**Student:** 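Pasting a structure below so you can have a look.
Throughout, a chain's letter reflects where its sequence line sits, starting with A, and its residues are numbered from 1. Note that this is a predicted model, so its numbers are computed, not measured.
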There are 2 protein chains.
Amino acid sequence: MKALSIKDIAVKANVSITTVSFIINGKAKEKSISEAVIEKVEKIIEESGYKPNQIARSLRTGNSNIIGLIVEDISNSFFAKIARLIEDKAYKRGYKIIYSSTENNIGKAQELINLFKTRKVDAYIISPIKGLEEDVQALLNEDKPVIFFDRNLPELKTNYVGADHFNASYQSVESFIKEGRKNIALVTTDIDVQQITERFEGYKKALVDNKFDYKEELVVKIHFNQDEEATIKEIKTLLENQTLDAVLFATNYLAISGLKALKQLNKKIGADLSVIAYDDHEAFELHTPGISTVQQPLEEIAETVIKLILSQLSSKSKLPEEQIILPTKLIIRD
Amino acid sequence: MKALSIKDIAVKANVSITTVSFIINGKAKEKSISEAVIEKVEKIIEESGYKPNQIARSLRTGNSNIIGLIVEDISNSFFAKIARLIEDKAYKRGYKIIYSSTENNIGKAQELINLFKTRKVDAYIISPIKGLEEDVQALLNEDKPVIFFDRNLPELKTNYVGADHFNASYQSVESFIKEGRKNIALVTTDIDVQQITERFEGYKKALVDNKFDYKEELVVKIHFNQDEEATIKEIKTLLENQTLDAVLFATNYLAISGLKALKQLNKKIGADLSVIAYDDHEAFELHTPGISTVQQPLEEIAETVIKLILSQLSSKSKLPEEQIILPTKLIIRD
DNA sequence: TTGATGTAGTAAAACGATTTACCATAACCA
DNA sequence: TGGTTATGGTAAATCGTTTTACTACATCAA
C-alpha cells in the first residue's frame with residue numbers, strides 16, 4: 001500500500017502532472033485551467049485521499065514550512081508553555097514547529113543548528129547561549145530568519161523579543177524595600193547570558209539607588225548544571241549564615257530549590273523573610289503562603305515572536321532588526 | 001552563499017558523485033574505492049563543511065530519521081518530561097523527534113498524523129485518544145511502526161507502554177483505608193481513554209474488596225476542556241457538601257486545581273483530610289504538608305518506548321505486539 | 001490577411017541525494 | 001589462449017514535486 005503520487009492522480013484524471021500541480025497549488029485560474037478540469041481533478045484528489053509529499057515539495061522549493069525552535073530545556077515550564085503557545089500560533093498559519101533542548105551545552109546547540117539546517121527549516125527561534133555567535137551569524141549570512149527570545153546575544157544583528165529583566169528585578173528589590181526589608185539576597189546562576197546579567201544589574205542598581213550597600217556575600221551564583229541536591233545545600237548555607245530578610249530568585253527552578261531549602265530548614269516565609277521568584281510556576285500559587293513572582297508576558301512573547309518570524313518569511317526583503325522588550329508584572333502574593 | 005551539494009564536492013575532488021556518495025555512506029570499502037580517493041574526498045568534505053541535504057536523502061531513501069511524538073499537551077509536566085527523555089534517548093541513536101500536542105481534539109490529532117505522514121516520519125509515538133483508531137490502523141497498514149504510551153486503544157494490535165493505572169489507584173485507596181479513612185472521593189475527568197477508566201476501576205475495586213460501598217456522589221468527573229475556574233468550583237462543591245475525608249485525584253492538573261480549591265475554602269490537609277495525586281509535580285513536594293502522589297516510572301517508560309521503536313525500525317520483519325505495563329510507586333508525604 | 005492576445009494545457013528540467021547496472025583494466029589460473 | 005575474478009570507478013535512473021518554456025488553437029483588431 002504505497003502512498004499515491006501526483007502522477008497517479010494525473011493518470012486517473014487523464015491530464016498532465018503539471019495541471020494537477022497547478023490545481024493543488026491554487027494556480028489553476030492564473031494558468032487558465034478550465035473549470036471542468038479543476039473540478040474533475042479536485043474530486044479525484046478528494047476521493048483518493050491524496051496528500052502531496054512534503055519532502056519532494058521541500059526539495060524542489062527549498063523551504064519546508066517548518067520552524068525550528070531551540071530552547072534550553074523543554075521540560076522547564078517556562079519553555080514548555082512558550083513552546084506550546086508558539087506551536088499553536090504557528091500551526092494556525094500553516095507552519096510546523098520542531099523543537100529541541102540545548103541543555104545549555106554549546107556542542108549540542110551547534111549540532112541542533114546543523115541538524116535544522118540540513119532539514120532546511122525555514123526559520124529559527126532560539127533562546128541562545130554564549131558561544132553560538134558564529135553559528136547564528138552563518139545562518140544570517142544565508143539570509144535565514146533568526147529570532148532570539150528570552151535571551152539575546154547583543155553583538156549579533158538580529159531580532160530579539162524578551163522581557164524587561166532589568167526592571168523586573170529592580171522593581172522586585174524596591175518592593176522588598178517598601179516592605180521594610182534591609183538585607184536583600186539574590187540567588188542566581190552562573191550562566192553568562194544577557195537575561196541573567198540584566199537581572200543581576202537591576203538588583204544592584206535598585207540597591208544603590210535606594211542607598212543600600214551592595215554586599216557580595218548576599219549573592220549566590222549557582223553553577224548551572226549541578227544537581228538539585230547541591231543547589232539546595234548552597235542555598236541553605238546562604239539562608240543560615242546571613243541576617244538576610246528577603247531573597248530574590250533569578251529563575252523559577254532556583255526558587256523551587258530555594259523553597260525546598262527553606263522547608264528543610266523549617267524556616268517560614270512571613271514576618272522576617274520575604275521571597276520573590278522569577279517566572280511563575282504552579283507551585284508558587286499553591287504554596288502557603290503564596291510566593292510572589294515576576295511574571296513574563298508569555299502570550300505576548302509568543303505572539304510577537306511568531307509575528308516577526310512570519311513577516312520576515314513573507315517579505316523577501318530584509319527587515320530592520322527589532323529589539324522588543326516587553327514589560328513584566330510583579331505579582332504579590334501572600 | 002548557497003549550501004554546498006554533493007556535486008560541488010565531486011567536482012572539487014575530481015571524482016564522480018557516486019564515489020562521493022559511497023564515501024559519505026561508509027560504503028567505500030565494500031565498493032572498492034581506493035584509500036587515496038577516500039582520504040582526498042574526506043578531507044575536502046571536512047574542510048568545506050559540507051553536510052548532506054537530508055531532504056534529498058529522505059526523498060530518495062523514503063525515510064527521514066525522524067520520529068513523530070504526539071501527546072495531549074506538551075506544556076503538561078508529565079508529557080514535557082517524557083518528551084525530554086525520549087528526545088535525549090532518540091538523539092543519541094541518531095533520531096530526531098518532532099512533537100506536537102493534540103489538546104485532546106480528534107481533528108487536530110488526525111491532522112497531526114497526516115502532517116507527519118506527509119513528512120515521512122519513520123515511526124510514531126502516540127498518546128492516543130478515542131476516535132483515532134482508523135487513522136492509526138492506516139499507519140499500521142503501511143507498516144509504519146506505531147507505539148502507544150500512557151494510554152492505549154486496546155482494539156488495535158500495536159505496542160503499548162504504560163503504567164499500571166489500575167493498581168496505582170487500587171493501592172492509593174487501600175492506603176487511605178489503612179489510614180482509617182472512610183469516605184474516599186475520586187476526582188477524575190470525563191475523557192474516555194483507557195488509562196482514566198482503569199484508574200476509575202481500580203478505585204471501585206479497592207472499595208468493594210474492602211467492603212466499602214461505592215458511592216456515586218463521591219466521584220466527580222470534570223469535563224476535559226473547561227477552564228480552571230469551573231474545575232475549581234466543581235471541586236469546591238464536592239469538598240463542601242460531603243463528609244468525605246480523603247480525595248484521590250486522577251491527574252496532576254486536577255490535583256493542582258483541587259489544592260487551589262482547598263486553599264480557597266481554607267481547608268487544610270491533615271487529621272481529617274488526606275489527598276493523593278496522580279503523577280508527580282514540583283508543587284506537591286513543596287506543598288505544606290507534602291502531597292502524596294502516584295509516580296509513574298518516567299525514565300523506564302521513555303527507555304522502553306525508544307527500545308521498542310528502534311527494534312522495530314531495525315528489523316524489517318514485523319515484531320509481535322507487546323503490551324508493557326510498568327509498576328507505579330506510591331510516594332507518601334506529609 | 002496578419003499579427004497580437006488569450007485560452008488550455010503539456011514536456012521536460014530541476015531540486016540533491018542513493019543505487020543499480022555497467023565499464024575498463026589487470027591479474028590469475030588452467 | 002581464453003575465461004574468470006578482483007579492483008576502481010562511473011553513468012544514469014530514480015524519488016515526487018514545482019516551474020519554465022513551450023505548443024496549438026481560437027479570437028479579434030487593423
Side-chain angles (χ1 to χ4, degrees), chain A residues 2-42 45 48-66 115 117-122 142, chain B residues 2-42 44-45 48-66 114-115 117-122 142:
Chain A
K2 292 246 323 154
L4 293 168
S5 78
I6 195 171
K7 192 173 171 189
D8 300 319
I9 303 296
V11 169
K12 267 189 206 170
N14 205 24
V15 295
S16 74
I17 290 179
T18 312
T19 303
V20 178
S21 175
F22 286 153
I23 293 173
I24 291 170
N25 293 290
K27 295 191 181 157
K29 285 273 146 55
E30 145 197 359
K31 298 288 179 179
S32 63
I33 306 293
S34 70
E35 202 52 56
V37 172
I38 295 181
E39 264 173 39
K40 179 173 62 174
V41 171
E42 278 179 345
I45 289 177
S48 62
Y50 162 73
K51 299 266 185 264
N53 178 324
Q54 295 297 333
I55 303 242
R57 198 173 245 186
S58 287
L59 178 58
R60 177 62 231 238
T61 63
N63 48 46
S64 57
N65 277 313
I66 292 187
L115 194 101
K117 222 193 251 183
T118 63
R119 303 273 177 203
K120 304 288 170 199
V121 307
D122 291 349
E142 289 177 31
Chain B
K2 290 246 327 153
L4 292 168
S5 80
I6 194 171
K7 193 174 172 188
D8 299 318
I9 303 297
V11 168
K12 269 190 205 171
N14 206 21
V15 296
S16 74
I17 291 180
T18 311
T19 304
V20 178
S21 175
F22 285 154
I23 293 173
I24 291 171
N25 293 289
K27 296 192 182 155
K29 285 273 146 54
E30 148 195 357
K31 298 289 180 178
S32 62
I33 307 293
S34 70
E35 202 52 56
V37 172
I38 295 181
E39 264 173 39
K40 178 174 63 173
V41 171
E42 278 178 344
I44 292 177
I45 289 178
S48 63
Y50 163 72
K51 299 266 185 266
N53 178 324
Q54 294 297 332
I55 302 242
R57 200 174 242 186
S58 287
L59 178 59
R60 177 61 232 235
T61 62
N63 47 45
S64 57
N65 277 314
I66 292 186
N114 259 325
L115 194 102
K117 221 193 253 183
T118 63
R119 304 270 177 207
K120 304 287 170 199
V121 308
D122 292 349
E142 289 177 31

**Student:** Write down the distance between NZ (B:K120) and C1' (C:dA17), rounded to a whole number of angstrom.
**Tutor:**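 One finds 17 Å between C1' of C:dA17 and NZ of B:K120, rounded.
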**Student:** DNA chain D: B:T61 or B:E35, which has the more 5' nearest nucleotide?
**Tutor:**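 Taking each residue's closest nucleotide, the earlier one in sequence belongs to B:E35.
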**Student:** Would you indicate, yes or no, if C:dC15 has its OP1 or OP2 atom less than 4.0 angstrom from a side-chain nitrogen or oxygen of B:N53?
**Tutor:**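 No, B:N53 has no side-chain N/O under 4.0 Å of OP1/OP2 on C:dC15.
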**Student:** Would you say the side chain of A:R57 lies within less than 4.5 Å of the side chain of A:I24, judging by non-hydrogen atoms?
**Tutor:**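 The answer is yes, as the side chains (C-beta and beyond) meet within the 4.5 Å cut-off.
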**Student:** Is there, by distance only and without an angle test, a donor paired with an acceptor across the side chain of B:S5 and the base of C:dG16 below 3.5 Å?
**Tutor:** no
**Student:** A:V15 or B:S21: which one's nearest nucleotide on DNA chain C is closer to the 5' end?
**Tutor:**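 That would be A:V15.
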**Student:** Just to verify, which of A:N25, A:T18, A:T19 counts as forming a side chain to side chain contact (heavy atoms under 4.5 Å, CB included) with A:S21?
**Tutor:**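 That would be A:N25; it is the only one of A:N25, A:T18, A:T19 passing the side chain to side chain contact (heavy atoms under 4.5 Å, CB included) with A:S21.
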**Student:** Tell me the interatomic distance from A:K117, atom NZ, to C:dG16, atom C1', rounded to whole angstroms.
**Tutor:** 17 Å
**Student:** B:K27 side chain N/O closer than 4.0 Å to the phosphate oxygens (OP1, OP2) of C:dT18?
**Tutor:**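 Answer is no, no contact under 4.0 Å.
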**Student:** Over how many whole Å does the gap from A:I24 atom CD1 to C:dG9 atom P extend?
**Tutor:** 16 Å
**Student:** Any heavy-atom pair between the side chains of B:L59 and B:I55 that's under 4.5 Å?
**Tutor:**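 In short, these two side chains do not touch, never coming nearer than 4.5 Å.
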**Student:** Let me know the distance between NZ of A:K31 and C1' of D:dT19, rounded to the nearest Å.
**Tutor:** 7 Å
**Student:** Write down the distance between CD1 (A:I6) and C1' (C:dA12), rounded to a whole number of angstrom.
**Tutor:**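 It works out to 14 Å between those atoms.
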**Student:** B:T18 has a side chain; which of D:dT10, C:dC15, D:dT17 sits nearest to it?
**Tutor:**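 The answer is D:dT10, which lies nearest to the side chain.
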**Student:** Where the side chain of A:S34 is defined as all heavy atoms beyond and including C-beta, which of C:dT19, C:dG9, D:dT18 is the nearest nucleotide?
**Tutor:**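 Selected nucleotide: C:dG9.
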**Student:** Looking at A:E35 and A:K40, does any basic side-chain N land under 4.0 Å from a carboxylate oxygen?
**Tutor:** no
**Student:** Can you identify which nucleotide, out of C:dG16, D:dT17, C:dT19, has its nearest atom closest to the A:R60 side chain?
**Tutor:** D:dT17
**Student:** In whole angstrom, give the distance that lies between atom CD1 of A:I33 and atom P of C:dT7.
**Tutor:**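 These atoms are roughly 12 Å apart.
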**Student:** Can you check the B:N25 CG to C:dT20 C1' distance for me, whole Å?
**Tutor:** 15 Å
**Student:** On DNA chain D, does the nearest nucleotide to B:S16 precede the nearest nucleotide to A:K51 from the 5' side, or the other way round? Give the residue.
**Tutor:** B:S16
**Student:** Side chain of B:L59: nearest nucleotide among C:dG9, C:dG16, D:dG8?
**Tutor:** C:dG16
**Student:** Does A:Y50 make a side-chain N or O approach to OP1 or OP2 of D:dG16 shorter than 4.0 Å?
**Tutor:** no
**Student:** Rounded to the Å, how far apart are B:I55 CD1 and D:dT14 C1'?
**Tutor:** 18 Å
**Student:** Testing the basics here: between B:I23 and B:V37, what is the closest heavy-atom pair and its distance to 0.1 Å?
**Tutor:**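 Closest approach of B:I23 to B:V37: CD1-O, 4.2 Å.
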